[in-house]
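Encoded as structure tokens, the structure appears first; notes follow it.
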Amino acid sequence: MATKTQEGATAGTEAQDDDTAVEAAGTEGETARAQTREDGSGHTDAVEDVTAEEKAAEEQAAEEVAAEEGAGREKAPSGVGQGAGAVVSAALGFVSLSGGWIGTVAGAREQLVGQLRTSSTASVATQIKAVYGNAWHSTALWAGLFALAALLTGVVVLARPAFGAPGRPQAHWIKSVAWGGVSLGVIGLLLAVLKYSDALLALPSTS
């Protein structure tokens with residue numbers, strides 16, 4: 001009986017030792033799995049941090065590119081001012097040829113002044129010069145001023161791209177209209193000089 005009791009006690013001790021070993025192995029497995037999860041979680045966090053940094057860098061680069069493009073669009077001239085200048089040049093050139101209401105009013109004023117300042121006893125040549133000659137010269141002077149303004153405006157419009165944004169060509173219609181204004185200005189200025197100097201449509205001779 002004593003022998004059986006000792007054998008049972010020995011078997012129980014061995015069973016407890018086995019249970020302890022199993023529990024230790026389970027604990028070690030859980031610890032290993034926990035470490036694995038922690039390592040995996042740390043790796044995931046590191047990957048997320050790298051991805052977030054890359055996204056932030058891409059967004060910053062996109063914002064910089066957009067800002068540069070916006071600044072370039074703001075600095076680049078739209079051509080509206082040049083087009084308006086070309087149209088003004090052509091209009092002034094046309095006015096220089098037609099005379100315009102300012103030239104007409106100025107001529108009428110000089111004619112009235114000539115009539116008031118010239119006596120009825122003055123010679124015919126003096127009356128013609130005072131009444132008609134001065135009015136003709138005044139009209140030619142105003143036409144020359146308009147022609148000169150048209151010429152200068154057209155030249156400024158044509159020369160503007162040289163002082164603007166490089167690599168941005170001027171619109172063809174702006175060049176055409178500006179050249180038209182310059183041409184009308186040259187013609188009007190030439191006609192004004194000829195009229196003012198009595199080389200064109202001079203006063204009739206009284207002799």
Side-chain angles (χ1 to χ4, degrees), residues 68-207:
E68 291 178 357
E69 292 178 353
R73 287 193 297 268
E74 291 177 357
K75 293 180 181 179
S78 60
V80 175
Q82 298 179 26
V87 173
V88 169
S89 175
L92 290 174
F94 178 77
V95 171
S96 70
L97 296 179
S98 62
W101 67 271
I102 295 180
T104 302
V105 171
R109 181 179 182 280
E110 288 295 328
Q111 186 176 3
L112 179 60
V113 171
Q115 291 176 354
L116 293 176
R117 292 182 178 180
T118 304
S119 62
S120 59
T121 58
S123 62
V124 176
T126 302
Q127 291 181 9
I128 292 176
K129 182 179 180 181
V131 176
Y132 299 103
N134 292 339
W136 181 248
H137 290 167
S138 179
T139 304
L141 178 61
W142 279 102
L145 292 176
F146 279 111
L148 183 61
L151 178 60
L152 293 178
T153 304
V155 169
V156 169
V157 171
L158 293 174
R160 178 64 180 84
F163 303 96
R168 185 180 179 87
Q170 193 176 50
H172 296 293
W173 73 269
I174 295 178
K175 289 183 179 181
S176 300
V177 176
W179 276 114
V182 170
S183 301
L184 292 175
V186 171
I187 296 173
L189 188 60
L190 178 61
L191 292 176
V193 171
L194 293 177
K195 289 187 293 184
Y196 194 84
S197 62
D198 292 332
L200 180 64
L201 299 176
L203 294 176
S205 177
T206 59
S207 58

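- Across every non-hydrogen atom of Gln82 and Gln170, the tightest pair is OE1-NE2, 2.7 Å.
- Leu141 contributes atom CG, which lies 10.5 Å from atom NZ of Lys195 (distance to the nearest 0.5 angstrom).
- Tyr196 contributes atom OH, which lies 13.0 Å from atom CH2 of Trp142 (distance to the nearest 0.5 angstrom).
- With hydrogens and angles ignored, the 3.5 Å screen pairs no side-chain donor or acceptor of Ser138 with any backbone N or O of Ala135.
- Checked against side-chain contact (heavy atoms from CB on, under 4.5 Å), Leu184 has the following partners two or more places apart in sequence or in another chain: Leu97.
- A donor-acceptor distance shorter than 3.5 angstrom exists from the side chain of Ser197 to the backbone of Leu194, with no hydrogens or angles considered.
- The shortest heavy-atom contact between Gly188 and Ala147 is C-CB, 3.5 Å.
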**OP:** I would like to know whether Ile102 and Phe146 meet side chain to side chain contact (heavy atoms under 4.5 Å, CB included); could you show each step before the answer?
**Re:** CA-CA 10 Å; Ile102 295 180; Phe146 279 111; 3.8 Å; yes
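- The distance from the OG1 atom of Thr139 to the CG atom of Asn134 is 10.5 Å, given to the nearest 0.5 Å.
- Side-chain atoms of Gln111 never come within 3.5 Å of backbone atoms of Gly133 as a donor-acceptor pair (strictly under, hydrogens ignored).
- Among the candidates Val113, Thr118, Leu112, the single residue satisfying the side chain to side chain contact (heavy atoms under 4.5 Å, CB included) test with Leu116 is Leu112.
- Val186 places none of its side-chain heavy atoms less than 4.5 Å from the side chain of Leu190.
- To the nearest 0.5 Å, atom CD1 of residue Ile187 and atom CG of residue Leu191 are 7.5 Å apart.
- Under the 3.5 Å distance criterion, the side-chain polar atoms of Ser89 are left unmatched by any main-chain donor or acceptor of Gly85.
- A heavy-atom distance below 4.5 Å is not found between the side chains of Val157 and Arg160.
- The shortest non-hydrogen separation linking Gly185 to Ala150 is CA-CB, 4.2 Å.
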**OP:** Start with the C-alpha gap between Glu110 and Val131, add the side-chain angles, then the distance that decides, and say whether side chain to side chain contact (heavy atoms under 4.5 Å, CB included) holds.
**Re:** CA-CA 7 Å; Glu110 288 295 328; Val131 176; over 6 Å; no
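- For the atom pair CG (Leu145) and CG (Leu92), the distance works out to 11.0 Å, reported to the nearest 0.5 Å.
- Using modelled atom types, one side-chain atom of Thr153 and one backbone atom of Ala149 make a donor-acceptor pair closer than 3.5 Å.
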